[in-house]
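Both backbone and side-chain heavy atoms feed into the values below; hydrogens, waters and symmetry mates do not. A, B, ... follow the sequence lines: proteins, then strands. Residue 1 opens every chain.
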2 protein chains.
Amino acid sequence: MTSRTDKKSQRRADPLTRERIAEAAVELLDTAGERGLTFPALSEHLSTGPGAIYWHVSDKRDLLGAATEAVIGTALPAQPAPSPQAQPQREQVHAVALALYDAIEAHPWLSTQLAAQLSRNPWGPVTARIFEGISRQVIALNVPAHSWFTATSALMHYILGAAAQNAANAASARELGPEVNRASFFESVSQAWQELDPHTYPSTRAVASHLSDHDDREQFLAGVDLILAGFAATYPSAAERTVAQPPRRPDNS
Amino acid sequence: MTSRTDKKSQRRADPLTRERIAEAAVELLDTAGERGLTFPALSEHLSTGPGAIYWHVSDKRDLLGAATEAVIGTALPAQPAPSPQAQPQREQVHAVALALYDAIEAHPWLSTQLAAQLSRNPWGPVTARIFEGISRQVIALNVPAHSWFTATSALMHYILGAAAQNAANAASARELGPEVNRASFFESVSQAWQELDPHTYPSTRAVASHLSDHDDREQFLAGVDLILAGFAATYPSAAERTVAQPPRRPDNS
DNA sequence: ACCTGAACACCGTTCAAGT
DNA sequence: ACCTGAACACCGTTCAAGT
């Protein structure tokens, strides 16, 4: 494990690299949250000085980018060949969606960073990896070429937005105490919504009263299916690919 | 306009209020960007000290929240009565979607703040206003009650995500010089994507090659229509509401 | 009740100096 | 080439003191 220059006076056990720094940053972000990632804290974690970090990373944005890249890289591994048609199409879409969903739930800070990458760096590796994962499905779904971008966008924005929302809910629920399950969290949000002014917020109140204690992942996938149904309905060529499956309940009831 | 105590020694022309502070914050955010909103800058803008601002606002998060509220309040005015069926349903959805789209394009910092509000404060006025605007459409669309939340989520996340993406693109294009139009911006992104590794990013490259020089708003609405089509296909009761319209091209070609 | 402005704690970033 | 750590600029927040 130690390097070949195994003298007693080697500078450090293992030298700093952008990757090691990214890992440490992820750890800090997961542990202490977005506010917990500071150069002083990270320096101490790596037992070095802030200057050393700046040698490998250009600034804090770059540091956060490296952390994001590290997580996305393992959550959405590069798949060279358009994956074989082993799974039915719908399940492949679900797999990509859930990979992102789980990554964001495990690292709540990720949702902010992904949004930042999307907007700041649409040609960066993070954006490309996500876009690739989703557009591959869209193409396989026989969406016509002129609509690839629209369809991918719709799916991607829903996935990232809903996953972020779920992660935030999970974090809020966690704050209410580890013993409280999701049910009581939804209960409390539902209740807060019910207390809105009936005159200005009639529909929100109505929706709140129908917020069943659903399974979050099922709910998330129901949204994905809703958009897939939109593809099938809008592009006849895409229809057989998704609709030919055994008809699945599109939502909880 | 001046208060009743109209002595020469009144402390200031107009006293600070949360609203005046929010307005000034919006101005700073629009002018100088997210990084430009600092307490020193805001204090000077209002010709006061930082302490005065803290009397009306609890901290910076609250300050940003007030700014967000101010913008959303005018972009999405409260509509007491479920708006009359004057317009066809699809156009009402478009109207809400475009209101958010335009607000985000005019205030690019808004997209980050809306995401923050959604996750931190799901029961706050900003979230409620947006949710109300969209869920009202979903309900009017005859989506069944147990799917109101899913359907509203799908539409909302797409709208906010796509609008944010557009605002970011617009900002990037602006940076390339005021004379460059959107076309050349899309050209450059498309080109950057084309240079990705063909082995790992085949689909992204394929999509890039079909990135026509579209109208951004049309593209955005095409995505909305895609999701509406999903409603119609998934919930038979919703079908006649959206499908009965003169069939509109769902996308540019 | 509302405002003033100095003071404090803290963080991102730089840089001359080391190995 | 890579690391050290002190120093700087700047910002969020507080607070004793004013009106």
Nucleotide nearest [X] when distance is taken to its side chain, options [options]:
{"X": "W55(A)", "options": "dC3(C), dT14(D), dC2(D)", "result": "dC2(D)"}
{"X": "P50(A)", "options": "dC3(C), dG5(C), dG5(D)", "result": "dG5(D)"}
{"X": "T48(B)", "options": "dT4(C), dG12(C), dA6(C)", "result": "dT4(C)"}

Could you pull out the protein-nucleic contacts involving nucleotides 9-11 of chain D (nitrogen or oxygen on both sides, under 3.5 Å)?
none

Check your understanding: Can you check whether Q194(B)'s main-chain N or O pairs, donor with acceptor, with R205(B)'s side chain at less than 3.5 Å?
Key ->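 Confirmed, R205(B) side chain pairs with Q194(B) backbone.
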Between [atom2] of [N] and [atom1] of [X], the distance in whole Å:
{"X": "L28(A)", "N": "dG12(C)", "atom1": "CG", "atom2": "C1'", "answer": "15 Å"}
{"X": "Y54(B)", "N": "dT4(C)", "atom1": "OH", "atom2": "P", "answer": "16 Å"}
{"X": "L46(B)", "N": "dC3(C)", "atom1": "CG", "atom2": "C1'", "answer": "13 Å"}
{"X": "I53(A)", "N": "dC3(D)", "atom1": "CD1", "atom2": "C1'", "answer": "11 Å"}
{"X": "R20(B)", "N": "dC3(C)", "atom1": "CZ", "atom2": "P", "answer": "9 Å"}

Applying a 3.5 Å limit to both distances, which nucleotide forms a Watson-Crick or G-U wobble pair with [N]?
{"N": "dG12(C)", "value": "dC8(D)"}
{"N": "dC3(C)", "value": "none"}
{"N": "dA17(C)", "value": "none"}

Whether the [X] and [Y] side chains hold a donor-acceptor pair (N or O, under 3.5 Å, no angle test) is what I'd like checked.
{"X": "S172(B)", "Y": "N169(B)", "value": "no"}
{"X": "Q79(A)", "Y": "E132(A)", "value": "no"}
{"X": "E69(B)", "Y": "Q117(B)", "value": "no"}

Review point. Any ion pair linking R217(A) and D102(A) (charged N to carboxylate O, less than 4.0 Å)?
Key: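 Counted as a salt bridge, because a side-chain N and a carboxylate O are separated by less than 4.0 Å.
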Exercise for review: Output yes when at least one side-chain N/O atom of H56(B) is less than 4.0 Å from OP1 or OP2 of dC3(C), else no.
Suggested key: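 Yes, such a contact exists.
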Review point. Rounded to the nearest 0.5 Å, how far does OG of S153(B) lie from CZ of F131(B)?
Key: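 With rounding to 0.5 Å, CZ (F131(B)) is 5.5 Å from OG (S153(B)).
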Review point. Is the W193(B) ring parallel, tilted or perpendicular to the F149(A) ring (thresholds 30°, 60°)?
Key: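 Ring orientation of W193(B) relative to F149(A): tilted.
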